[in-house]
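What follows is a single structure, written as structure tokens, with notes after it.
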2 protein chains.
Amino acid sequence: MSSYKDKKVISIGTVNELTGLSVRQIRYYEERELIFPERTKRGTRKYSFADIETLMKIADKREEGVQTYEIKRDMANDNKDHMIEQMLRGQLNAHFRLNK
Amino acid sequence: MSSYKDKKVISIGTVNELTGLSVRQIRYYEERELIFPERTKRGTRKYSFADIETLMKIADKREEGVQTYEIKRDMANDNKDHMIEQMLRGQLNAHFRLNK
DNA sequence: CGTGTAAGGAATTCTGACACG
DNA sequence: CGTGTAAGGAATTCTGACACG
């Protein structure tokens, strides 16, 4: 389930190259709690490929003029939707033994 | 086929943390042509998760006392085996239309 | 609100070399 | 052969702040 995609190993300069977003923007989106990089002992931010995909989506939304707090709200809702779906799926499977 | 696993985005310090190998060792294995990191414009080495797995294997071999040129030879052979298998599989499939 | 920039410091990475073995 | 280390320079990253709007 968690693999390379979620390992936080990419430094901010590389994220800048991969996403085209400025270092300032990347740090700002963290300040607004849209992304959550890890920190090395020294304090350097480390990002995952999943973070990079999130940043790409954020970039798109921003281009459409969507504000950061709205993006954050939407992402939270998307997450809820996903969790609810997972729980329902689990309940259904438990009930009908669809899996295994 | 190529995805996150092969993207060269990890700097040598992080590779050190992930593999336990010293920075000196990581650079040396490149000198011996066991691994091939990419370089950023500035010259910084960038590694993929695949490189990290290769380095882990190298570390195991080295612990067994295997020398770098032997490791290199073995890796080349493993690659040949893999290519031959792929070609045979392709020929067989073309002949018997096993796929799609 | 979102992003640019100059500021100063601390840690990273690079190469070539000497050392030991 | 494989790895450690000190050396000097160049680029990275960090934070807090001022700027514009």
Side-chain angles (χ1 to χ4, degrees), chain A residues 7-49 51-77, chain B residues 7-49 51-77:
Chain A
K7 276 222 130 194
K8 311 255 186 182
V9 295
I10 310 173
S11 57
I12 198 163
T14 303
V15 175
N16 160 240
E17 287 170 12
L18 260 35
T19 62
L21 291 167
S22 73
V23 167
R24 179 67 161 104
Q25 289 175 308
I26 300 169
R27 292 202 189 108
Y28 182 67
Y29 299 149
E30 174 184 3
E31 189 182 320
R32 301 313 306 271
E33 299 181 284
L34 300 181
I35 41 170
F36 307 91
E38 284 181 0
R39 298 288 184 124
T40 63
K41 50 240 66 166
R42 193 221 136 193
T44 308
R45 274 168 264 249
K46 291 296 179 191
Y47 302 83
S48 65
F49 284 110
D51 289 331
I52 287 177
E53 291 189 0
T54 302
L55 282 168
M56 308 273 242
K57 287 177 194 165
I58 293 171
D60 288 344
K61 296 277 194 178
R62 284 294 303 134
E63 274 183 44
E64 294 171 28
V66 183
Q67 299 201 311
T68 54
Y69 83 92
E70 299 178 289
I71 299 176
K72 180 179 177 179
R73 187 204 340 102
D74 291 350
M75 296 200 318
N77 271 324
Chain B
K7 276 221 131 195
K8 311 256 185 180
V9 295
I10 309 173
S11 57
I12 199 163
T14 305
V15 175
N16 160 242
E17 287 170 13
L18 261 32
T19 62
L21 291 166
S22 73
V23 166
R24 179 67 163 106
Q25 289 175 307
I26 300 169
R27 291 202 189 109
Y28 182 67
Y29 298 150
E30 174 183 3
E31 190 182 321
R32 301 314 306 272
E33 300 180 283
L34 299 181
I35 40 169
F36 307 92
E38 284 181 0
R39 297 291 184 122
T40 63
K41 48 242 67 169
R42 193 219 136 194
T44 309
R45 275 168 264 250
K46 290 296 177 189
Y47 303 84
S48 65
F49 284 111
D51 290 331
I52 287 178
E53 291 188 0
T54 302
L55 283 168
M56 309 274 242
K57 287 177 194 164
I58 293 172
D60 288 344
K61 294 278 193 177
R62 283 295 303 132
E63 275 183 43
E64 293 169 28
V66 183
Q67 298 199 313
T68 54
Y69 82 91
E70 299 179 291
I71 299 176
K72 179 180 176 178
R73 192 210 328 109
D74 292 349
M75 295 201 317
N77 271 324

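Chain letters run A, B, ... following the sequence lines, proteins first and then strands; every chain starts at 1. Note that these values count all heavy atoms, side chains included, but never hydrogens, waters or copies made by symmetry.
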Measure distances between side-chain N and O atoms of A:R42 and base N and O atoms of C:dT12, and say whether any donor-acceptor pair falls under 3.5 Å. no
Expressed in angstrom and rounded to an integer, what is the separation of B:K72 atom NZ from D:dG2 atom P? 12 Å
Take atom CD1 of B:I12 and atom P of D:dT3, then tell me their distance rounded to the nearest Å. 13 Å
For the pair made of CG in A:L34 and P in C:dG2, what is the distance, rounded to whole Å? 9 Å
Gap between atoms CZ and C1', on A:R27 and D:dA17 respectively (whole Å): 14 Å
Starting from C1' on C:dG2, measure out to CD on A:E30 and report it in whole angstrom. 16 Å
B:K8 atom NZ, neighbour heavy-atom count above 12 within 6.0 Å: yes
I'd like to know if A:E17 and B:K46 make a salt bridge, using a cut-off of under 4.0 Å between side-chain N and carboxylate O. no
In whole angstrom, give the distance that lies between atom NZ of B:K46 and atom C1' of C:dT12. 10 Å
My understanding is that a pair needs two contacts under 3.5 Å, Watson-Crick or G-U wobble. By that rule, which nucleotide pairs with D:dG2? C:dC20
Would you mind pulling out the nucleotide paired to D:dG8, Watson-Crick or G-U wobble, both distances under 3.5 Å? C:dC14
So, does B:R24 get its side chain near the phosphate of D:dG2, meaning an N or O under 4.0 Å from OP1 or OP2? no
Give the rounded distance in Å between these two atoms: NZ of A:K41 and P of C:dT12. 9 Å
Set out, in order, the CA-CA distance, both residues' side-chain angles and the distance that settles side chain to side chain donor-acceptor pair (under 3.5 Å) for A:D51 and A:S48, then state yes or no. CA-CA 5 Å; A:D51 289 331; A:S48 65; 3.2 Å; yes
Could you check whether B:E30 pairs with B:R39 (Lys NZ or Arg NE/NH1/NH2 to Asp/Glu carboxylate O, under 4.0 Å)? yes
Atom-pair distance (CD1 on A:I26; C1' on D:dC14), nearest Å: 14 Å
C:dG2 phosphate, OP1 or OP2, under 4.0 Å from A:T68 side-chain N/O: yes
Upstream residue (5' side of DNA chain D) when B:T44 and B:V23 are each assigned their closest nucleotide: B:V23
Phosphate OP1/OP2 of C:dT3 contacted by A:Y28 side-chain N/O (<4.0 Å): no
At 4.0 Å (heavy atoms only), tell me whether B:R62 reaches a base, stays on the sugar-phosphate, or touches nothing. sugar-phosphate
Within less than 4.0 Å of OP1 or OP2 of C:dG2, is there a side-chain N or O belonging to A:Y29? no
How about A:I26 and A:I35: do any of their side-chain heavy atoms sit closer than 4.5 Å? yes
Using a heavy-atom cut-off of 4.0 Å across all strands, would you classify A:R45 as base, sugar-phosphate, or nothing? sugar-phosphate
Using only side-chain N and O atoms of A:R39, determine if any of them is under 4.0 Å from OP1 or OP2 of D:dT15. yes
